[in-house]
Visitor: 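Let me begin by handing over the structure; questions about it come next.
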2 protein chains.
Amino acid sequence: MELPEAKQRFIEAWGKLGSEWGINRTMAQVHALLLISPEALTTEQVMEQLQISRGNANMTLRDLMNWGLIEKQHRSGERKEYFFAEKDVWTIARQVAKERKRRELEPVLKLLTQLQEVQGDAQDPEYATFKTTVTDINKLAGNVDKTLETMLKAEENWFFGSMFKLFK
Amino acid sequence: MELPEAKQRFIEAWGKLGSEWGINRTMAQVHALLLISPEALTTEQVMEQLQISRGNANMTLRDLMNWGLIEKQHRSGERKEYFFAEKDVWTIARQVAKERKRRELEPVLKLLTQLQEVQGDAQDPEYATFKTTVTDINKLAGNVDKTLETMLKAEENWFFGSMFKLFK
DNA sequence: ATAAACTTTCATTAAATATTGAAAGTTTAA
DNA sequence: TTAAACTTTCAATATTTAATGAAAGTTTAT
């Protein structure tokens, strides 16, 4: 396979994977493009390479900055803004985990804890089932949360290396 | 908080979480409903409780069966089909991990391995960056894949318990 | 102060995704 | 064999989500 086709396929696959996991397809594609680009790119270049509008490119780049996945670069004597992606995949993984934990896991965890307090008759199967289910999910979610916390602090080798030793 | 409100909130939160992670909102809600229901429910009951159409209920219940999250129950003397959810949350988590790994992670892993073979000039920064990026992602994805494999075989206590001991 | 270079916004439009419900299909019992 | 009970399908519709692009906004150099 030649490089241009490979790039194309990579960008498409990354976009598809993103959309399957609740991340805007275009955002994932822009991220992919910057990941495989040795140089920082301008909004214009992103627009051209992915055939998207200025507005879309602008908003997507901003989103990616909010996710902490890309950064702006300013070049002296130029007014254009260049964007480049963090290239270390373990750092990227941690960043994504951090954001999704904060945006999606933590609010649910908070609600589950509240729902556990629901009052009712322990003899009522409706009540008993609800309470057990919520409590169990809360426990699991708590474990996931703690594990992510660990992952956020960890170095890749430590995290995966130790895990494999343990579970082989 | 009283039970009916708590149920409502739980179903909504589960639906929202699902949609944030690329799972159809209704599917997550139906799953939530069955999770907190002490008895198996009929399609009619699901339709009524969540205010959805027959077609929608039917397809959603089928999807949930394909995900291995719910099962049919037949009662002697009755023609109706009853549906109930697996209640053990660790089993649910493993089942979801298993399906998403198979449906979404593995195809990407396969493509990445192909893309790593791309031919080109090692002096070309475009080529070098592409190759490095793809190789790195492939390694990480491989680690994630192996970890999920481990998780699929593991008991919850073993999995999280050991992880905490290790990473405290 | 002005205008060129560049970025951002947001109402409109388009695309993707989910839902409906009536009709067709299937199963069971008499 | 037929009809009632129940399930499935799918074309049409509605909803949600994303993208466009022209206009407004901002910054910088002169």
Side-chain angles (χ1 to χ4, degrees), chain A residues 11-34 40-67 70-84 100 103-104, chain B residues 11-34 40-67 70-84 100 103-104:
Chain A
I11 291 169
E12 275 164 25
W14 214 237
K16 179 150 175 274
L17 189 66
S19 71
E20 286 166 346
W21 286 82
I23 284 160
N24 180 303
R25 169 190 255 82
T26 301
M27 180 167 145
Q29 288 185 337
V30 171
H31 185 226
L33 176 64
L34 292 175
L41 303 180
T42 63
T43 302
E44 294 284 342
Q45 288 174 307
V46 170
M47 286 166 61
E48 191 200 347
Q49 296 221 31
L50 299 179
Q51 291 292 306
I52 61 175
S53 71
R54 183 171 302 283
N56 196 5
N58 181 268
M59 291 181 95
T60 299
L61 288 166
R62 176 147 39 95
D63 281 354
L64 281 168
M65 296 218 303
N66 287 335
W67 276 79
I70 68 172
E71 287 176 47
K72 272 185 192 170
Q73 193 180 70
H74 288 284
R75 297 189 179 175
S76 52
E78 286 197 70
R79 292 207 35 206
K80 276 198 281 273
E81 294 176 327
Y82 289 78
F83 298 90
F84 66 98
R100 299 207 80 159
R103 298 174 190 212
E104 294 144 15
Chain B
I11 290 169
E12 275 164 23
W14 214 236
K16 180 151 175 273
L17 189 66
S19 70
E20 285 165 345
W21 287 81
I23 283 159
N24 181 303
R25 169 191 255 81
T26 302
M27 180 165 144
Q29 288 184 338
V30 171
H31 186 226
L33 176 64
L34 291 176
L41 303 181
T42 62
T43 302
E44 294 285 342
Q45 289 174 306
V46 171
M47 286 166 60
E48 190 199 348
Q49 296 221 30
L50 299 180
Q51 291 292 304
I52 61 175
S53 71
R54 182 173 302 285
N56 196 4
N58 179 268
M59 292 180 96
T60 298
L61 288 165
R62 176 145 41 95
D63 281 354
L64 282 167
M65 296 217 302
N66 287 336
W67 277 78
I70 67 171
E71 287 176 45
K72 271 185 192 170
Q73 192 180 72
H74 288 282
R75 296 190 180 175
S76 51
E78 286 198 70
R79 291 207 36 205
K80 277 198 281 272
E81 295 177 326
Y82 289 78
F83 298 89
F84 65 99
R100 298 206 81 159
R103 297 175 192 211
E104 294 144 14

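Chain naming here is simple, since letters A, B, ... match the order of the sequence lines and numbering starts at 1 in each.
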Visitor: I need the B:Lys72 NZ to B:Phe83 CZ distance, nearest 0.5 Å.
Guide: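 One finds 5.5 Å between NZ of B:Lys72 and CZ of B:Phe83.
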Visitor: To the nearest 0.5 Å, what is the distance between OG on B:Ser19 and CG on B:Leu17?
Guide: 8.0 Å
Visitor: Report the distance from atom CE of B:Met47 to atom C1' of C:dT19, rounded to the nearest whole Å.
Guide: 12 Å
Visitor: For the atom pair CG (A:Leu61) and CG (A:Asn66), what is the distance rounded to the nearest 0.5 Å?
Guide: 11.0 Å
Visitor: B:Gln51 has an atom CD; how far is it from atom P of C:dG21, in whole Å?
Guide: 11 Å
Visitor: Return the value, rounded to whole Å, for the distance between atom CD of B:Gln29 and atom C1' of C:dA18.
Guide: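 Whole-Å distance recorded here is 12 Å.
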Visitor: Using atom names, set out every protein N or O paired with an N or O of nucleotides 25-30 of chain D below 3.5 Å, distance rounded to 0.1 Å.
Guide:
unit_1	atom_1	unit_2	atom_2	d
D:dT27	O2	A:Arg79	NH1	3.1
D:dT27	O2	A:Arg79	NH2	2.9

Visitor: Could you give the CD-to-C1' distance, from A:Gln45 to C:dC6, as a whole number of Å?
Guide: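 It works out to 14 Å between those atoms.
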Visitor: May I ask you to list the residues of residues 16-27 of chain B, by number, that have any heavy atom positioned under 4.0 Å from an atom of DNA chain C?
Guide: B:Asn24, B:Thr26
Visitor: Can you figure out which of D:dC6, D:dA19, C:dT20 approaches the side chain of A:Ser53 most closely?
Guide: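 Closest of the options to the side chain of A:Ser53: D:dA19.
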Visitor: Looking only at non-hydrogen atoms, find the nearest pair between B:Phe84 and B:Ala40 and report the distance.
Guide: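 Closest pair (atom of B:Phe84, atom of B:Ala40, distance): CB-CB, 3.8 Å.
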Visitor: Please check if the side chain of A:Gln45 supplies one atom and the backbone of A:Thr42 the other of a donor-acceptor pair under 3.5 Å.
Guide: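 The answer is yes, because a donor-acceptor pair under 3.5 Å joins these two groups.
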Visitor: Less than 4.0 Å between a side-chain N and a carboxylate O, is that true for B:Lys16 and B:Glu20?
Guide: yes
Visitor: How long is the span from the OG1 atom in A:Thr26 to the CG atom in A:Leu64, to the nearest 0.5 Å?
Guide: 10.5 Å
Visitor: B:His74 NE2 to C:dT27 P: how many Å, rounded?
Guide: 11 Å
Visitor: Quick one: pull up CG in A:Asn56 and CD in A:Gln51 and give me the separation to the nearest 0.5 Å.
Guide: 12.0 Å
Visitor: Closest-nucleotide mapping onto DNA chain C: is A:Tyr82 or B:Thr60 further toward the 5' terminus? I mean the 5' end.
Guide: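 Result: A:Tyr82.
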Visitor: Calculate the interatomic distance between A:Ile52 atom CD1 and D:dA18 atom P; express it in whole Å.
Guide: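 To the nearest whole Å, that distance equals 14 Å.
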Visitor: Could you measure the distance from the CD atom of A:Glu44 to the CZ atom of A:Arg54? Nearest 0.5 Å is fine.
Guide: 4.0 Å
Visitor: Might you point out which heavy atoms bring A:Thr60 and A:Met27 nearest each other, and give the distance in Å?
Guide: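 Reported closest heavy-atom pair: CG2-CA, 3.4 Å.
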Visitor: Do any N or O atoms from the side chain of B:Gln49 and from the backbone of B:Val46 form a donor-acceptor pair under 3.5 angstrom?
Guide: no
Visitor: Under 3.5 Å, which N/O atoms of the protein pair with N/O atoms of nucleotides 8-10 of chain D?
Guide:
unit_1	atom_1	unit_2	atom_2	d
D:dT8	OP2	B:Asn58	ND2	2.4
D:dT9	OP2	B:Arg62	NH2	2.3

